[in-house]
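The block underneath contains the structure these notes are about, expressed in structure tokens.
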Protein chains: 2
Amino acid sequence: MTNDPSFVCIVDDDASIRQALAGLLRSVGLTVFAYPSTEDFLADARPDGPGCLVLDVRLPGQSGLEFQRELEGMGIHLPVIFITGHGDIPMSVTAMKAGALEFLTKPFRDQDLLDAVHKAIELDRDRRRDDAALSELRERFQSLTPREREIMLLVAAGQLNKQIAAALNLSEITIKVHRAQVMRKMQAKSLPDLVRIADKVSATPFRFTGAEL
Amino acid sequence: MTNDPSFVCIVDDDASIRQALAGLLRSVGLTVFAYPSTEDFLADARPDGPGCLVLDVRLPGQSGLEFQRELEGMGIHLPVIFITGHGDIPMSVTAMKAGALEFLTKPFRDQDLLDAVHKAIELDRDRRRDDAALSELRERFQSLTPREREIMLLVAAGQLNKQIAAALNLSEITIKVHRAQVMRKMQAKSLPDLVRIADKVSATPFRFTGAEL
DNA sequence: TCCAGGTCTATACCAACGTATAATCGGCCA
DNA sequence: TGGCCGATTATACGTTGGTATAGACCTGGA
């Protein structure tokens, strides 16, 4: 459908499997990066586009399941598709609970992997889009002065200018000035607009604590 | 922790397993309903409280996986914990993708089931609370007249009274009257409040189409 | 037929909001 | 020390929103 530069990463210590998988995925036009270990995967640079990770559960050293968790911890949210030759049910359940998109047992049908990969890339595309939009909002929020941030949240909470003024021991006109600045900097075209932006910016993760004011 | 009347339903065609599971769950103070088949489960009335379903994957007739889907289709969102003696990985993956909370293989440790059940009940408690809150908002929204609903959504979209008036070919004062009525009926204490309510009411599922105006 | 409810409108007044202009003050940095 | 930025406040004006009161019109049901 869309023609973004998407990619698939493969991590498998078996060279013949890497080659077979890479060949399959390349045969449908996908860009493939194959690595024998998680370390090699981490060391290499990935393109800035939607992608996914095809990961062998059993790896020398760190298991695929552990690596999945590690990636989350590092803030790398690439969708993960597990493949395994010797898996068991608890393993697959753990993987799925941790957010794996698919858990395929060898031998699997080529089409099953291709379906999973395509779905994963679509998911990542959506996630990246959402992340980018949220990042931009957060940047704008960070560009506000502490006072402006404070007032923005009170406005979004439904407080009147005069109430905010009383709460902060300021004059109402001061609130108006800051408020106008908030609307401008946040590129909010209306109060409902600002409310939705505020809710997104304050949403988890990075729960709002008040300390960053 | 909390002392709501919570319950666990068991569906397993093996009477001895039913008894064993029921005994285990009752031993920790849970209210248990055990059924030999999905039909019996559906025929019986469940208490109006948070609960979960412990479901054997292999059942005579309909499989547990099919039943899980059927429950979703019927709008019964009880968390499902699968147990099985003869499961495989694709089965567990399918179940987890369909939203199962846990997939235990026999024999499993009692504590694993108890942990899953307690977590499931907590989840259901939260879900029920959210559902109840949303239902109340939907009821209020339905108590609005068609005109009021229409104006509420335009207000929440950030349109000015005069813009709404122009769009609907009405006078501005008419909009004000309806708008005030909307705030009263929806129990919104401020415009940001109304915006959040509108977003919840219009959120999926039951996507807003405009036809219900 | 009468009534209730929904819809629409008007006048009038007040509160709240937005904007422009301008000025003061303190801190920080080159 | 001069300049910039953030914060604060003021005056003034215009727009927008909220409320009260009141009346008109229409439709469907008792």
Side-chain angles (χ1 to χ4, degrees), chain A residues 137-199 201 208-213, chain B residues 137-199 201 208-213:
Chain A
L137 291 185
R138 278 203 223 277
E139 264 177 46
R140 285 182 205 157
F141 187 67
Q142 283 307 315
S143 80
L144 298 182
T145 67
R147 238 339 174 215
E148 287 162 358
R149 280 196 280 274
E150 187 176 25
I151 288 172
M152 169 172 164
L153 295 172
L154 290 170
V155 167
Q159 300 279 294
L160 300 181
N161 286 346
K162 64 161 54 178
Q163 292 175 315
I164 299 172
L168 302 182
N169 204 19
L170 297 174
S171 85
E172 193 177 336
I173 188 66
T174 305
I175 309 303
K176 287 188 185 182
V177 171
H178 287 315
R179 182 171 178 158
Q181 190 74 338
V182 166
M183 294 296 286
R184 201 181 55 72
K185 286 189 180 176
M186 296 305 294
Q187 298 177 28
K189 286 171 290 302
S190 64
L191 178 54
D193 203 1
L194 186 72
V195 169
R196 294 189 178 94
I197 292 172
D199 285 355
V201 169
F208 174 70
T209 62
E212 59 274 60
L213 287 177
Chain B
L137 291 185
R138 278 204 223 278
E139 265 177 46
R140 285 182 205 158
F141 187 67
Q142 283 307 314
S143 82
L144 298 182
T145 67
R147 224 7 159 202
E148 288 163 358
R149 280 195 279 275
E150 186 176 25
I151 288 172
M152 169 172 162
L153 295 173
L154 290 170
V155 167
Q159 300 279 293
L160 300 180
N161 286 345
K162 64 162 52 178
Q163 292 175 316
I164 299 172
L168 303 182
N169 203 19
L170 297 174
S171 86
E172 194 178 336
I173 187 67
T174 304
I175 308 302
K176 288 188 184 182
V177 171
H178 287 313
R179 181 171 178 159
Q181 190 74 338
V182 166
M183 294 297 284
R184 203 181 53 73
K185 286 189 180 177
M186 296 306 293
Q187 299 175 29
K189 287 170 289 300
S190 64
L191 179 53
D193 203 0
L194 187 73
V195 169
R196 294 190 179 92
I197 292 171
D199 285 354
V201 168
F208 176 69
T209 62
E212 59 274 60
L213 289 177

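Chain letters run A, B, ... following the sequence lines, proteins first, then strands; residues in each count from 1. Fair warning: this is a prediction, and the values are worked out from it, not measured in the lab.
- The distance between atom CD of B/Gln181 and atom P of D/dT19, rounded to the nearest whole Å, is 11 Å.
- Within the 4.5 Å cutoff, the side chain of A/Gln181 has heavy atoms near those of the A/Arg184 side chain.
- Distance A/Glu150 CD to D/dA7 C1': 12 Å, rounded to the nearest Å.
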Please determine whether side-chain contact (heavy atoms from CB on, under 4.5 Å) holds for the pair B/Leu154 and B/Leu168, giving the CA-CA distance in whole Å, both sets of side-chain angles, and the decisive distance to 0.1 Å. CA-CA 10 Å; B/Leu154 290 170; B/Leu168 303 182; 4.2 Å; yes
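- When all heavy atoms of B/Glu148 and B/Val182 are compared, the closest pair comes out as O-CG2, 3.4 Å.
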Base contacts versus sugar-phosphate-only contacts with protein, heavy atoms under 4.0 Å: please encode nucleotides 7-25 of chain C as B, S and - from 5' to 3'. SSBBB----SBBB------
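- When all heavy atoms of A/Leu144 and A/Arg149 are compared, the closest pair comes out as O-NH1, 2.7 Å.
- Here the side chains of B/Gln142 and B/Glu139 are not in contact, with every heavy-atom distance at 4.5 Å or above.
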